[in-house]
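Not measured: the values here are computed from a predicted model. Each ligand, and each atom within it, is numbered from 1 in the order the structure gives.
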Amino acid sequence: MQINRRKFLHYSALVTSSLALGGIPLYAYNAEAGPGDRDEVKRSYCGLCHPRCGTLLHMKNGRVIEVSGDPDHPVTRGLICERGLLMAEHIHHPDRINYPLKRVGARGEGKWERISWDQALDEVAGKLARLRDEFGPETLGFTHGTSRTHHWDCRRFYNLFGSPNVCGANNICMCPSYATEFATYGGMARGNARQAKCLVIWGRASANSSPIQAWPGVQAASRQGATIIVVDPREIDEVALADMWLQIRPGTDLALMLGWIRLIIEEDLYDKDFVENWTVGFDELRDAVREYTPEKVSEITWVPVEQITAAARIYATSKPAQLPYAYGLDKQGVNSNQCARARAILRAITGNLEIQGGETFGQTPEVARVRGEFDLVAAEAIGPEQRAKQLGADTYPFFGFPGWERNLANNQKLPKGQVNPPSMYRTCVAHARDVFQAAITKKPYPITAMFSVASNPMLSFPDPKMVFDALSALELYVVMEYYMTPSAALADYVFPSATTVEQPELWVTGGFCMACPPGIEPLFERKDTYQFYRGLGLRLGQEDQWPWETLEQACDFRLEPTGLTFRQLTEQYGFFGTPEFKRYEQSGFGTPSGKVELYSAIFEELGNDPLPKYKEPLWSPLGDPELVAEFPLILITGSRFMPMYHSEQRQIESARKQVPDPLVLLHPDTAAKQGLENDQWVFVVSPRGRARMRLRTSTRIHPRMVDAQHGWWFPERQEALPELFGVFESNINMLCPMEPEFCSPEIGSWPFSALMCRIEKA
Ligand SMILES: Nc1nc2c(c(=O)[nH]1)N[C@H]1C(S)=C(S)[C@@H](COP(=O)(O)OP(=O)(O)OC[C@H]3O[C@@H](n4cnc5c(=O)[nH]c(N)nc54)[C@H](O)[C@@H]3O)O[C@H]1N2
Ligand SMILES: Nc1nc2c(c(=O)[nH]1)N[C@H]1C(S)=C(S)[C@@H](COP(=O)(O)OP(=O)(O)OC[C@H]3O[C@@H](n4cnc5c(=O)[nH]c(N)nc54)[C@H](O)[C@@H]3O)O[C@H]1N2
Ligand code: SF4
Ligand SMILES: [Mo]
């Protein structure tokens, strides 16, 4: 069958008409086969975002001409999304970096020389060794993005090298929740939406952010009659499936959660058996939430009292109910970790933890046999002296070594394999602000070198000017990339990265382990990240530490306890485990008390509030009246839209045809009051800076709120400074602050939502 172009065009038309939400509703796309004139089909996978969907590569004369979903893949069953369809364009894109590059002009001048891998690795290793001798290994920083590469190879290299200064998106993405749930009940809990009777979609818009992994589950739950509650400032696609939509004021979710907890306790709707036997701190919790009456919560959140109470009652009385992880809560700065705490508490007191259809730790005995991050990162190689130098860990010990070590110690009390140990990648990181500042000010010690692999810090962190100053101040900046980005353009060396379809991967979740086969050999001189770290490691005194010559051999090592090789597993795609429930009845929870810590001992020990308490964000419509007069609108940034992934796909022609310009969403009444019209160029302005964007008017957003896309730069513009691909023009992070008073006190989560702005004509 030909890829169904008519279907695709139909969807594209729909897509354009619904740009109103600043995003694109996504339709899982099932193409059984590619074009008729292919001469070969190869099985592979997509890694353009998280779920590693199974794909078929349709080949002609050695080129991938089309990609379709692999109908035999046991997890994704032939589904791929619109972005996955762009893979062929991405593999062969003329802008791809195919050889190591060395800067020859001034930094950011856009002048490069092609060199060999050996020369590039020799030179980088040589410079690093000199900097290490002069300043100590902690002088090497790292920025990471969201999970696209293996990550364990990176952390292994850093641990062996002796630097604790790996930093990145993890302070704001998923990991605040992950670490907090470890402290609360010893693991991160997730559910299968298909089994829920009630689904609370609280700050997540999976139709656009997770079209293949989460969205089909939401649709299935809806078809099966689950009650769906949406808590979101925007009328997202999910609202069409929902029984109730709470249009909350951004940043106030914690108050609403505490209101729910109060009501659930007051009305005796909690699971008494579970609370009595398996939690600590219930009385303290009851006291702590007493002030959050429905009336007070309504005032804070702008959600009507009747909705607050009705939604809480439905959630507490429909078992099994799920309250899944959502980035809309992680990205709100000050309250983000305590939101994660309150969500964990809600799951626990309603008895929805570790039951079928509720939220479980998911690790199955079968999958636990596969060697994971903990077995690979050589954590013991970095000793107490270097651990103590981690930047930011004095302010945010919970997210550095001290918190990780505590979560790990509690995890190790459980039978081996019951819950995976807390990931270093996710919960043991330096704070990006401190790392950038140490590059600029050289205090408390100088960061002189940095790597960015699979991350584009000029677009992903707040305050791109600070990021620019930091990267510009480095003596050595090394990037591994697909394309020349605004960050890569500031590097001394850029290494060419293999596409996912050019490298093997083991995709392991608690419930399954899939072997993802490379469909093609790496083109040109692209390599996987393992070759990069190993190549450096071998040159930096780590000769005994990289025994596997290739990534595939490392995968074999990981699979050894299962008795299978990577190739063998590929033939059967992978394997599944059998979930178990209520394992705490035998072993307790992996926490200091062995119970769910409604009152968190780890938070308390590390100087954080052991019970959640709502804080009004510093910039707020209820705050400083002068600020509100100047910046009257509440700003949300970065709501996901297809087909883009963060700052990516801006050079992919078919993606840019769909979304050519940066968009900002505003209610038509608010626009009319200011004499603004749909489609015109505007500036979104905050006390920190501005971004030029195209206005979309829509009633799907509250009249006092603004929703601006993130990740915008323009590959079609000049690379050389001062242009730097227009990175300072429409980059919404120009508006976002990162100082401590805007961040969560537990781990320093900075805000990408719940900010204040105004809109001006451009
Ligand atoms: N304003 C605002 N900012 C945000 C957010 C928001 O909501 N609002 N969201 C934040 C979140 S949740 C996250 S996770 C971060 C994401 O931050 P990043 O992960 O840094 O974002 P990307 O733009 O995807 O940058 C990844 C870069 O790595 C390259 N790349 C992709 N895959 C690979 C690979 O396999 N190997 C190598 N070597 N390179 C690869 C891509 O070309 C791209 O340039 O952004 C954060 N920034
Ligand atoms: N297309 C696409 N998909 C992606 C990505 C991408 O860049 N593009 N990035 C991936 C990554 S790294 C991540 S982390 C996930 C995130 O995916 P999601 O968890 O879906 O997160 P977002 O789309 O950032 O925001 C979700 C919702 O939060 C709402 N929101 C914003 N502020 C608040 C608030 O204060 N309270 C509440 N209740 N809601 C709020 C927004 O209106 C939005 O509808 O997406 C992943 N998927
Ligand atoms: S959801 Fe789309 S982009 Fe993500 S891995 Fe699957 S096909 Fe690729
Ligand atoms: Mo993320």
Side-chain angles (χ1 to χ4, degrees), residues 21 23-24 26 28-29 45-55 67 69 76 79-87 143-149 168-170 172-174 201-214 230-234 236 238 246 248-253 256 324-332 335 339 452-457 459-462 479-483 485 487-488 495-500 503 528-529 532 634 636-649 701 705 707-711 731-733 735-736 752-754:
L21 198 56
I24 297 169
L26 199 275
Y29 181 73
Y45 67 105
C46 177
L48 292 177
C49 78
H50 298 143
R52 274 54 170 185
C53 302
T55 59
V67 175
T76 53
L79 296 182
I80 58 170
C81 76
E82 254 182 281
R83 183 168 46 248
L85 285 173
L86 304 175
M87 180 60 98
T143 74
H144 66 75
T146 186
S147 284
R148 252 87 46 100
T149 52
N170 284 350
I172 43 102
C173 177
M174 212 265 285
I201 302 174
W202 197 322
R204 188 184 79 175
S206 57
N208 276 284
S209 66
S210 189
I212 305 296
Q213 207 170 25
V230 171
V231 187
D232 201 295
R234 306 181 309 147
I236 54 175
E238 282 77 349
L246 282 56
I248 193 164
R249 168 161 78 90
T252 64
D253 301 84
L256 183 58
Y325 164 76
Y327 182 53
L329 303 184
D330 276 5
K331 70 162 118 184
Q332 51 184 264
N335 290 310
C339 268
S452 295
V453 177
S455 100
N456 190 1
L459 274 304
S460 54
F461 289 101
V479 169
M480 190 169 190
E481 251 298 349
Y482 291 145
Y483 297 95
T485 64
S487 308
F495 286 78
S497 201
T499 320
T500 45
Q503 55 181 307
D528 57 61
T529 56
F532 171 74
I634 304 172
I636 302 168
T637 77
S639 302
R640 294 353 182 193
F641 61 100
M642 289 296 290
M644 270 56 165
Y645 202 71
H646 300 293
S647 69
E648 296 179 49
Q649 286 84 33
I701 186 154
M705 298 174 195
D707 175 34
Q709 292 182 345
H710 77 306
N731 184 347
I732 199 67
N733 292 353
L735 283 72
C736 301
F752 281 136
S753 181

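Between D232 and ligand 2, an N or O atom pair is found at a separation short of 3.5 Å. Considering backbone and side-chain atoms alike, F641 places an N or O below 3.5 Å from some N or O of ligand 2. Polar contact with ligand 2: present for R234 (N/O pair, distance under 3.5 Å). At least one N or O atom of V231, backbone or side chain, sits closer than 3.5 Å to an N or O atom of ligand 2. At a 3.5 angstrom cut-off on N or O pairs, P233 does not count as close to ligand 2. For the pair N208 and ligand 2, the shortest N or O to N or O distance falls below 3.5 Å. Among the atoms of S209, some N or O lies under 3.5 angstrom from an N or O of ligand 2. Considering backbone and side-chain N/O atoms, M644 comes within less than 3.5 Å of an N/O atom of ligand 2. Looking at ligand 2, you'll find an N or O of A205 within less than 3.5 Å of one of its N or O atoms. Ligand 2 has a nitrogen or oxygen under 3.5 angstrom from a nitrogen or oxygen of K331.
Put simply, the side chain of R234 never gets that close to the backbone of D232: no donor and acceptor are under 3.5 Å apart. Remark: side-chain polar atoms of R83 are paired, donor with acceptor, to backbone N or O of M644 under 3.5 angstrom.
Contacts between M87 and ligand 3, counted as non-hydrogen atom pairs separated by less than 4.0 Å, are absent for every part of the residue. Neither the backbone nor the side chain of Y325 has any atom closer than 4.0 Å to an atom of ligand 2 (non-hydrogen atoms only). Residue T485 touches ligand 1 through its side chain alone, judged by heavy-atom distances below 4.0 Å. With a heavy-atom cut-off of 4.0 Å, H144 does not touch ligand 1 at all. With a 4.0 Å heavy-atom cut-off, ligand 1 is reached by no atom of Q709. Contact annotation: for Y327 versus ligand 1, heavy atoms closer than 4.0 Å belong to the side chain alone. Residue contacts with ligand 1 for T149 involve side-chain atoms from C-beta outward but no N, CA, C or O (heavy atoms, distance under 4.0 Å). If you look at I732 next to ligand 1, the close heavy atoms, those under 4.0 Å, all belong to the side chain. Looking at I172 against ligand 1, only its side chain comes within 4.0 Å, counting heavy atoms.
Among all protein heavy atoms, the one lying closest to atom 4 (Fe) of ligand 3 is C49 SG, 2.3 Å. The protein atom (non-hydrogen) at minimum distance from atom 3 (S) of ligand 3 is R83 NE, 3.4 Å. Shortest contact from atom 2 (Fe) of ligand 3 to any protein heavy atom: C81 SG, 2.3 Å. For atom 23 (O) of ligand 1, the closest non-hydrogen atom of the protein is S647 OG, 2.4 Å. The nearest heavy-atom contact from the protein to atom 38 (N) of ligand 1 is S497 OG, 2.8 Å. Protein heavy atom closest to atom 6 (Fe) of ligand 3, with residue, atom name and distance, is C53 SG, 2.3 Å. Of all protein heavy atoms, the one lying nearest to atom 32 (N) of ligand 1 is Y482 CE1, 3.1 Å. When hydrogens are left out, the protein atom nearest atom 27 (C) of ligand 1 is E481 OE2, 3.3 Å; that is the closest non-hydrogen contact.
Within the structure, ligand 2 has R83 among the residues with a heavy atom less than 4.0 angstrom away. The closest approach between any non-hydrogen atom of S210 and ligand 2 is not below 4.0 Å. Between S639 and ligand 2 there is a heavy-atom distance shorter than 4.0 Å. Contact analysis leaves M174 out of contact with ligand 1, as no non-hydrogen atom separation drops below 4.0 angstrom.
For ligand 2, the atoms sitting less than 4.0 Å from at least one non-hydrogen atom of D253 are 34 (C), 35 (O), 36 (N), 37 (C), 38 (N), numbered in the order shown with element in parentheses. Within the listing of ligand 1, atoms 18 (P), 19 (O), 20 (O) sit less than 4.0 angstrom from a heavy atom of G145. Near T637, meaning under 4.0 Å from any of its heavy atoms, are these atoms of ligand 1: 1 (N), 2 (C), 7 (O), 8 (N). Applying the 4.0 Å criterion to heavy atoms of S455 picks out, from ligand 1, the atoms 20 (O), 26 (C), 27 (C), 28 (O).
Counting backbone and side-chain atoms alike, C46 contributes an N/O/S atom closer than 2.8 Å to atom 8 (Fe) of ligand 3.
With T143, L48, T146 as candidates, the residue nearest to atom 14 (S) of ligand 1 on a non-hydrogen basis is T146. By heavy-atom distance, the residue among H710, R640, H50, R249 lying nearest atom 13 (C) of ligand 2 is R640.
Between E481 and S455, the closest heavy-atom pair is OE2-O, 4.1 Å. Heavy atoms only, all atoms of each residue included: Y325 and M174 are closest at OH-N, 2.9 Å.
Checked by atom type, the side-chain pair H646/S460 shows no donor-acceptor distance below 3.5 Å.
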